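What you see is a predicted model, and the numbers here were worked out from it, not measured in a lab. One-based numbering along the sequence shown.
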Amino acid sequence: MEKEEKNPLKNPLEMYPHEKFPMQKQQAPGLQSEMKPIPDSGEENYVGHGRLKGRKALITGGDSGIGRAIAIAYAREGAKVAITYLPVEEKDAQSLKDLLKQEGKELITIARDLREEQACIEVVEEAIEKLGGLDILIPNAAVQIAQKDIADLTAGQIEKTFAVNVFSPMYLSKAALPHMPAGSSIIFTGSAEYYTPNKTLLDYAASKSALVAFSIGLSKQVLDKGIRVNTVCPGPIWTPLEVSGGNPDEGIPIHGLDTPMKRPGQPIEMAGIYVFLASDEATYVVGEVYGVTGGLSAL
């Protein structure tokens, strides 16, 4: 008689922290390594299955949060990975590089502010040179600054939000596409703000809605080249964005508790959809918008 295996099912309502977080604040852009609790980007528990073997990926904002989770997953799925990050995020980027080095994987790290087109062009060129090509592009870096009143929404904040969240993905796509062969993928990071805009995130919600529109239009333009474009829209995920200005002070301890799931998501819970969309399992998926929101997109 075969030995009965332990039930592998996990109740998603009981996974990960689902109680109030300790109050905490950091200077933007924030460090994951200084958060309490530290977000789970899959360092200990993401297991790869070779689904991206031989692929070459560039992930912006890859030092922490969702970008870090994607980088870990892609590397463990067999891809060669390059990430960008801001110089002040060097601590998180180096810890990720060290983690993957211990597993025999090289991580290409590029410290650069991507608000200007020339910087985006240079990042793409450097990534292609060091990776030996490029067939996955993940424009993931973002800025999110909460303001309770539109009167406090300055021209400088609006311009920075759109420069990082909209213009940079456009510049990166424009620079990368001439070098990406058929079978490549571009996967944008949108937001649940596309579905349910928050009254304190007017510029952020507008920028992410613009990005989704761009991604859908671009998917139609480049499909005849054999390149697929899709977008993932995360809900309230526990990342440095939340503690470095992305959430009002009173919202930090209860981040994500108002979702139908009654908890925030962890970066590792985002990794699988990015792996799927880049893999050969998703060859008929194009121009789609995937919400991973703890139920918010169904409200």
Side-chain angles (χ1 to χ4, degrees), residues 41-42 46-62 65-84 124 127 131 133-142 165-166 168-170 172-173 176-177 179-195 208-235 237 239 265-294 296-297:
S41 290
Y46 186 90
V47 178
H49 300 281
R51 288 185 287 174
L52 300 177
K53 189 174 182 179
R55 304 293 298 275
K56 304 174 182 69
L58 170 60
I59 305 164
T60 67
I66 295 170
R68 184 184 183 97
I70 300 167
I72 290 171
Y74 277 21
R76 291 178 182 170
E77 293 289 355
K80 296 176 66 175
V81 178
I83 66 167
T84 73
V124 169
L131 293 172
L134 182 66
D135 51 55
I136 304 173
L137 174 63
I138 313 288
N140 170 76
N165 298 0
V166 183
S168 170
M170 288 182 170
L172 290 163
S173 300
L177 276 165
H179 306 281
M180 300 179 77
S184 297
S185 290
I186 299 178
I187 307 169
F188 294 100
T189 299
S191 171
E193 296 302 315
Y194 167 68
Y195 305 105
K208 289 300 187 177
S209 293
L211 181 63
V212 171
F214 171 70
S215 73
I216 295 172
L218 183 64
S219 73
K220 299 173 183 178
Q221 185 179 114
V222 303
L223 184 56
D224 62 354
K225 303 177 187 297
I227 298 173
R228 294 182 300 104
V229 179
N230 293 286
T231 303
V232 177
C233 286
I237 310 300
T239 75
Q266 292 292 323
I268 186 175
E269 295 182 280
M270 303 299 306
I273 188 67
Y274 286 88
V275 171
F276 166 70
L277 289 173
S279 75
D280 289 340
E281 299 167 21
T283 50
Y284 202 59
V285 180
V286 63
E288 298 291 350
V289 181
Y290 281 79
V292 186
T293 67
L296 280 180
S297 58

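Pairing each heavy atom of Val232 with each of Val292, the nearest pair is CG1-CG2, 4.1 Å. Minimum interatomic distance between Phe276 and Glu281 (heavy atoms only, all atoms of both residues): CE1-O, 3.6 Å. Closest heavy-atom contact between His179 and Pro181: O-CD, 3.5 Å. Closest approach of Ala127 and Ala82 over heavy atoms only: CB-CB, 4.3 Å. Asn230 and Gly287 make their closest contact through OD1-N, 3.1 Å (heavy atoms, listed as atom of the first residue, atom of the second, distance). Between Ala75 and Val81, the shortest heavy-atom contact is N-CG2, 3.9 Å.
For the atom pair CG of Leu296 and OH of Tyr194, the computed distance is 15.0 Å after rounding to the nearest 0.5 Å. Atom CG of Leu172 sits about 9.5 Å away from atom CD1 of Ile186, to the nearest 0.5 Å. Here the CE-NZ distance, from Met180 to Lys56, works out to 11.5 Å after rounding to the nearest 0.5 Å. The CD1 atom of Ile227 lies 12.5 Å from the CD1 atom of Ile136; values are rounded to the nearest 0.5 Å. How far CD of Glu288 is from CG of Leu277: 9.0 Å, rounded to the nearest 0.5 Å. For the atom pair Tyr274 OH and Tyr290 OH, the distance stands at 13.0 Å (nearest 0.5 Å).
Considering only heavy atoms from C-beta on, Thr84 comes within 4.5 Å of Leu58 through its side chain. The side-chain heavy atoms of Asn165 and Leu211, taken from C-beta on, include no pair separated by under 4.5 Å. When side chains are defined from C-beta on, Leu177 counts as touching Leu218, because their heavy atoms get closer than 4.5 Å. The shortest side-chain heavy-atom distance between Pro234 and Thr189 falls under the 4.5 Å cut-off.
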Could you check His49 against Glu77 for side-chain contact (heavy atoms from CB on, under 4.5 Å), going step by step and ending with a plain yes or no?
-> CA-CA 6 Å; His49 300 281; Glu77 293 289 355; 4.1 Å; yes
Candidate pair Val229 and Phe214, rule side-chain contact (heavy atoms from CB on, under 4.5 Å), full reasoning | CA-CA 10 Å; Val229 179; Phe214 171 70; over 6 Å; no
Pair Cys233-Val212, side-chain contact (heavy atoms from CB on, under 4.5 Å): steps then yes or no | CA-CA 9 Å; Cys233 286; Val212 171; 4.1 Å; yes
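Without hydrogens or angle criteria, Arg228 side chain to Val285 main chain gives a donor-acceptor distance under 3.5 Å. Without hydrogens or angle criteria, Thr60 side chain to Asn140 main chain gives a donor-acceptor distance under 3.5 Å. Using modelled atom types, no side-chain atom of Tyr195 and backbone atom of Thr293 make a donor-acceptor pair closer than 3.5 Å. Without hydrogens or angle criteria, Arg76 side chain to Tyr46 main chain gives a donor-acceptor distance under 3.5 Å. In this structure a side-chain-to-backbone donor-acceptor pair under 3.5 Å is missing from Arg68 to Pro267.
For residues 212-224, the side chain to side chain donor-acceptor pair (under 3.5 Å) pairs, not counting sequence neighbours, are Ser215-Thr231.
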